[in-house]
Amino acid sequence: MLTRLSYRINSTLERFLPERRLFLKSDTETRFVRLRPVTQAIALTGSAVLVGWTIVATSILLMDSIAAGSTRDQTERQQALYESRLNALSADRDRRAEEAVRAQERFNLALAEVSKMQEALLATEDHRKELETGIEVIQDTLRRTIAERDDARGQAERVTLALAEQTGSSRTGESRAADTLATLEVLTSTLGATARQRDDLANAALLAKEETEAVYQEKLELQARNDAIFSRLEDAVSISMEPLDKMFRAAGLKPDDLLNKVRSGYSGQGGPLSPLTVSTKGASLTPEEVRANEILQGLDRMNLYRMAADKAPFAMPVKTSFRYTSGFGGRNDPFGRGKRRHEGTDLAGAYGSPVYSTADGVVVHAGWSSGYGRLVKIKHDFGIETRYAHLAQIRVDVGQRVSRGDRIGDMGNSGRSTGTHLHYEVRLGGNAVNPMTFIKAAKDVF
């Protein structure tokens with residue numbers, strides 16, 4: 001059966017591909033190779049498959065090149081937008097800080113003015129009380145003097161009547177009567193002077209009351225201005241802290257724990273903003289002082305957020321053109337070893353492209369590592385570690401302290417790699433996490 005089928009196939013193919021012979025001649029003999037129709041058909045089919053595969057591969061390469069160009073342009077635009085948003089946020093943060101400093105200065109001046117006004121108000125109130133006390137004393141003296149005058153007049157009348165009864169003439173003892181009249185005149189003039197002094201004290205008390213009311217009105221206006229300033233500062237602090245808090249939470253970090261760690265190790269010139277305390281007598285703080293303390297604590301929290309953001313890897317390790325070739329998680333091994341876990345992100349770019357540190361830290365490894373090739377490990381605060389693998393050249397040493405944006409190496413193809421790329425890892429507490437979580441969190445904020 002197979003022989004008949006083979007015969008029929010050869011007969012059919014022989015119509016289009018007749019049998020040919022390929023002669024091989026040497027000095028002593030001549031040989032030939034018989035090319036049957038089936039052999040020719042197999043050779044033509046293989047050639048057609050090879051040509052088709054070449055065309056398909058060329059098309060794929062061209063499409064990949066076009067896609068890489070568009071991705072590169074898109075990446076450059078996103079990078080420019082990221083940098084512009086970062087600059088805008090930095091400028092806005094500086095403006096907020098300047099506004100906070102100016103507001104604090106205005107608040108201090110306002111507190112000083114309020115203290116002066118309170119002192120003037122207390123002095124005016126004391127003076128008013130003294131005037132009221134003086135008026136009461138003068139009124140008591142006036143009432144006592146009037147009573148004494150009336151007693152003196154009554155006594156003079158009784159003495160006159162007694163002399164008239166004894167001597168039969170009321171003009172006896174003229175010297176005593178003259179003394180009594182003189183005493184009455186002195187008392188009358190004294191009473192007039194006392195009345196004038198009382199009127200003067202009353203006018204002074206009225207002026208003091210008007211001045212007290214004016215000082216109290218100025219105090220109310222100053223409190224209203226301070227309340228407006230406090231409201232603007234509170235809104236600015238709240239708006240500035242919300243995206244930073246969102247960024248840390250999106251990266252899987254607890255903001256309160258991070259801020260406590262930064263606060264415990266905080267040092268250097270300036271120090272955290274100290275709470276405002278005005279009273280030195282142990283009295284409770286006023287509502288204005290409580291609000292000022294809350295604003296200062298918010299500014300301190302913003303400063304701690306900024307320090308924590310500098311110490312966490314919220315940045316891109318590559319700034320030149322690149323494309324993502326492999327993400328975090330499970331994938332097929334590029335060397336055909338089945339399904340494997342990929343603990344980082346691969347960024348493919350040009351050979352020798354600069355690789356930068358994504359946060360402040362200390363280099364703990366800078367050398368060859370099996371599978372990673374040339375590897376740089378950087379230890380950051382909060383238990384975070386970043387790894388940069390398959391480098392062509394390492395530009396840092398173990399123990400060296402680096403800052404965000406420092407060049408630590410060049411992109412290469414060392415170690416277990418199929419092409420030029422950077423293998424970027426982020427580890428939290430020793431466990432690998434998705435680096436894109438940090439990159440996207442920073443992108444959404446900045």
Problem - Between Ser369 and His365: side-chain donor-acceptor atoms closer than 3.5 Å - result: no
Problem - Minimal non-hydrogen separation, Ser403 against Ser357, with atom names - result: O-CB, 3.7 Å
Residues 382-391, side-chain donor-acceptor partners within the protein, below 3.5 Å, at least two apart:
from	atom 1	to	atom 2	distance (Å)
Glu385	OE2	Arg387	NE	3.0
Glu385	OE2	Arg387	NH2	3.3
Thr386	OG1	His380	NE2	2.8
Thr386	OG1	Tyr388	OH	3.0
Arg387	NH1	Tyr372	OH	3.1
Tyr388	OH	Thr358	N	3.3
Tyr388	OH	Thr358	OG1	3.3
His390	ND1	Tyr372	O	3.2
His390	ND1	Ser414	O	2.7

Problem - Nearest atoms (heavy-atom pairs only) where Trp368 meets Gly415 - result: CH2-N, 3.6 Å
Fill in the blank from the handout: Between Gly405 and Lys319 the two heavy atoms that sit nearest each other are CA-NZ, 4.5 Å
Exercise for the section: Show the numbers, then the answer: is there a side-chain contact (heavy atoms from CB on, under 4.5 Å) between Val426 and Asn434? Expected result: CA-CA 7 Å; Val426 177; Asn434 192 351; over 6 Å; no
Handout entry: Evaluation steps, side-chain contact (heavy atoms from CB on, under 4.5 Å), between Met316 and Phe438
Key = CA-CA 9 Å; Met316 288 293 297; Phe438 288 83; over 6 Å; no
Handout entry: Any side-chain heavy-atom pair of Arg395 and Ile408 under 4.5 Å
Key = no
Problem - Test: Glu343 and Arg427 ion pair at under 4.0 Å - result: yes
Handout entry: Arg407 vs Asp410 side-chain heavy atoms within contact, under 4.5 Å
Key = yes
Problem - Non-hydrogen side-chain atoms of Pro435 and Tyr424 separated by less than 4.5 Å - result: yes
Practice task
Check whether any side-chain heavy atom of His421 sits under 4.5 Å from a side-chain heavy atom of Leu347, and report yes or no.
Solution key: no
Fill in the blank from the handout: All heavy atoms of Ile394 vs all of Val376, minimum pair found to be CG2-CG2, 3.7 Å
Exercise for the section: Evaluate the side-chain proximity of Asp346 to Tyr324: yes if any heavy-atom separation is below 4.5 Å, no if none is. Expected result: no
Practice task
Can you measure from OG1 (Thr325) to CG (Leu422) and round to the nearest 0.5 angstrom?
Solution key: 9.5 Å
Practice task
May I ask you to decide if Gly349's main-chain N or O and Ser353's side chain share a donor-acceptor pair within less than 3.5 Å?
Solution key: no
Exercise for the section: May I ask you to test the Val402-Asp360 pair for a side-chain heavy-atom distance under 4.5 Å? Expected result: no
Practice task
Tell me, with the steps shown, if Val433 and Glu425 meet side-chain contact (heavy atoms from CB on, under 4.5 Å).
Solution key: CA-CA 8 Å; Val433 296; Glu425 285 187 18; over 6 Å; no
Exercise for the section: Give, for atom CE of Met63 and atom OG1 of Thr58, the distance between the pair rounded to the nearest 0.5 Å. Expected result: 13.0 Å
Fill in the blank from the handout: Distance col, row Gln400:CD vs Ile378:CD1, nearest 0.5 angstrom, shows 9.0 Å
Exercise for the section: For Asp381, check side-chain contact (heavy atoms from CB on, under 4.5 Å) against everything at least two apart and list the hits. Expected result: Lys311
Handout entry: Test item: Tyr356 and Arg404 side chains (from C-beta on) under 4.5 Å apart, heavy atoms
Key = no
Problem - Student check: side-chain heavy atoms of Phe328 and Thr437 closer than 4.5 Å - result: no
Problem - Inter-residue atom distance Glu99.CD - Asp94.CG, 0.5 Å rounding - result: 11.0 Å
